[in-house]
Amino acid sequence: MDETIARTRDNIVKKQALTYEEIEAERPYGAVDRKLYVANLHFNMTESQLRAIFEPFGPVELVQLPLDLETGHCKGFGFVQFAKLEDAKAAQSLNGKVEIAGRTIKVGFSL
DNA sequence: GTTGAGCGTT
């Protein structure tokens, strides 16, 4: 009986681990529901600049600016992930309203 | 050292 319990426990552990990996596989870029896609950025925009723009809405968990490994510059778009969904929704209102380095940024939820 | 719609390397 003890062995059965131990085996069941192991199965539960493995099941949880598998489920976690499945989640990771389905969400390779993290919490997409709390992440905003920010486009029309100036090419020398940096993560700290981007963070500074969105932080007033709430805690920013993650800022990503995919870099072109050839030039080392950002591709002109990025991602801002908030700790709370409500903050992300509030920050979405910046779409078309904020101009940085002469360019009006686009803000929308990540795909 | 340039460009300009779009959804990402870890």
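The chains referred to below are lettered A, B, ... by the order of the sequence lines, with proteins before strands, and numbering in each begins at 1. All values below come from the heavy atoms of this structure, side chains included, with hydrogens, waters and symmetry mates left out.
- Ring geometry, A:F54 versus A:F57: the interplanar angle falls from 30° to 60°, so the pair is classed tilted.
- Distances from the side chain of A:F77 to the nucleotides B:dG6, B:dT9, B:dT3 place B:dG6 closest.
- Side-chain contact check for A:P59 versus A:D87: some heavy-atom pair is nearer than 4.5 Å.
- When the nucleotides B:dG8, B:dG4, B:dG6 are ranked by their closest atom to the side chain of A:R103, B:dG4 comes out on top.
- Between A:F43 and A:K106, the residue anchored closer to the 5' end of DNA chain B is A:F43, taking for each the nucleotide with the nearest heavy atom.
- Across all strands, A:H42 comes closer than 4.0 Å to base atoms (heavy-atom distances).
- When distances are taken from the side chain of A:A39 to each of B:dG6, B:dA5, B:dT10, the shortest belongs to B:dG6.
- One atom, CD of A:Q64, and another, P of B:dT9, lie 10 Å apart when rounded to the nearest Å.
- Going from atom CG of A:N95 over to atom P of B:dG6 covers 14 Å, rounded to whole Å.
- Rounded to a whole Å, the NZ atom of A:K75 is 14 Å from the C1' atom of B:dA5.
- Note: the hydrophobic cluster containing A:F109 also contains A:L50 (ILVMFWY, side chain heavy atoms under 4.5 Å, direct or indirect links).
- The nearest heavy atom of DNA chain B to A:S110 and to A:T71 marks one nucleotide each, and the one closer to the 5' end goes with A:T71.
- Across the protein-nucleic acid pair, A:K35 atom NZ and B:dG6 atom P stand 21 Å apart, rounded to whole Å.
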Evaluation steps, ring-ring contact (aromatic ring centres under 6.0 Å, His included), between A:Y37 and A:F79 = CA-CA 5 Å; A:Y37 168 77; A:F79 299 89; 5.8 Å; yes
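- The residue from A:N40, A:V38, A:I100 that alone fulfils the side-chain contact (heavy atoms from CB on, under 4.5 Å) condition with A:M45 is A:I100.
- Straight-line distance from the CG atom of A:L41 to the P atom of B:dC7: 14 Å, rounded to whole Å.
- Computed from coordinates, the A:Y37 OH to B:dA5 P distance equals 11 Å when rounded to whole Å.
- Atom CD of A:E47 is separated from atom P of B:dT10 by 14 Å (rounded to the nearest Å).
- Which of B:dC7, B:dT10, B:dT9 sits closest to the side chain of A:L111 comes down to B:dC7.
- Contacts of A:L69 with the nucleic acid, taken as non-hydrogen atoms under 4.0 Å apart, are absent.
- For A:L65 and B:dG4, the CG to P distance is 20 Å, given to the nearest whole Å.
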